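Structure, as structure tokens:
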Amino acid sequence: MQDAITSIEKCRKSVIACVHGACIGGGLDIVSACDVWYCTEDAFFSVKEVDLEIMAGLGSLQRLPGNVGLGNAMELALTARRFLGLEAKELGLVSKVFGCRD
């Protein structure tokens, strides 16, 4: 599974992720491998591994510090809190936030 997600990251074409609704766990792993992220205002993100007491093994924790900085990545990973699209934009995780998915 990790190879499949890494192949997104290594793709020679630009890969754009568009998120509306929940982006948790595997969803966050997949979009973290993309080049550009967009989301809706009501989209929410969470690194849930700590809540579920499982080990993260698909690469999002390795990629996240490059997007949001080490301190923010640590806080998100250790608290497993939800954050909405506007905060994701403030953190530098997404490029643009849209009012709706249309």
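These figures come from a predicted structure and were not determined experimentally. Residues: numbered from 1 along the sequence shown. What you see below is based on every heavy atom in this structure, not just the backbone, and it leaves out hydrogens, waters and symmetry mates.
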Item to check | A17: partners by side chain to side chain contact (heavy atoms under 4.5 Å, CB included), with sequence neighbours left out | outcome: V31, C34, W37
Item to check | Considering all heavy atoms, the nearest C23-V19 contact | outcome: CB-CG1, 3.7 Å
Next on the checklist: Please enumerate all residues that pass salt bridge (charged side-chain N to carboxylate O under 4.0 Å, His left out) together with E41, with sequence neighbours excluded.
Outcome noted: none
Next on the checklist: Hydrophobic cluster membership, with links at side-chain heavy-atom distances under 4.5 Å among I/L/V/M/F/W/Y: are V97 and L93 in one?
Outcome noted: yes
Checklist entry - For E87, which residues count as a side chain to side chain contact (heavy atoms under 4.5 Å, CB included) partner, sequence neighbours excluded? => result R81, F83, L91
Checklist entry - If only atom types and distance count, is the side chain of K89 paired as donor or acceptor with the main-chain N or O of S95 below 3.5 Å? => result yes
Next on the checklist: My understanding is that a hydrophobic cluster links ILVMFWY residues whose side chain heavy atoms are under 4.5 Å apart, including indirect links. Using that, what else belongs to the cluster containing Y38?
Outcome noted: I16, V36, F98
Checklist outcome for this item: Contacts of R82 meeting salt bridge (charged side-chain N to carboxylate O under 4.0 Å, His left out) (sequence neighbours excluded), chain-then-number -> none
Next on the checklist: By the salt bridge (charged side-chain N to carboxylate O under 4.0 Å, His left out) test, which pairs, at least two apart or in different chains, include something from residues 15-28?
Outcome noted: none
Checklist entry - Taking all non-hydrogen atoms of both residues, which atom of V15 and which atom of C11 are closest, and how far apart? => result CG2-CB, 4.0 Å
Checklist entry - Shared ILVMFWY cluster between L84 and V94, side chains joined below 4.5 angstrom? => result no
Checklist outcome for this item: The side chain to side chain contact (heavy atoms under 4.5 Å, CB included) partner of V47 among L78, I24, L28 is L28
Checklist entry - Passes side chain to side chain contact (heavy atoms under 4.5 Å, CB included), L64 versus N72? Steps please. => result CA-CA 9 Å; L64 204 54; N72 287 327; over 6 Å; no
Checklist outcome for this item: Residues at least two apart in sequence or cross-chain that pass side chain to side chain contact (heavy atoms under 4.5 Å, CB included) with D42, listed by chain then number, are T40
Item to check | Chi angles and distances behind the side chain to side chain contact (heavy atoms under 4.5 Å, CB included) call for L76, F45 | outcome: CA-CA 10 Å; L76 296 172; F45 303 82; over 6 Å; no
Checklist outcome for this item: So ring-ring contact (aromatic ring centres under 6.0 Å, His included) across residues 7-26, not counting sequence neighbours, yields none
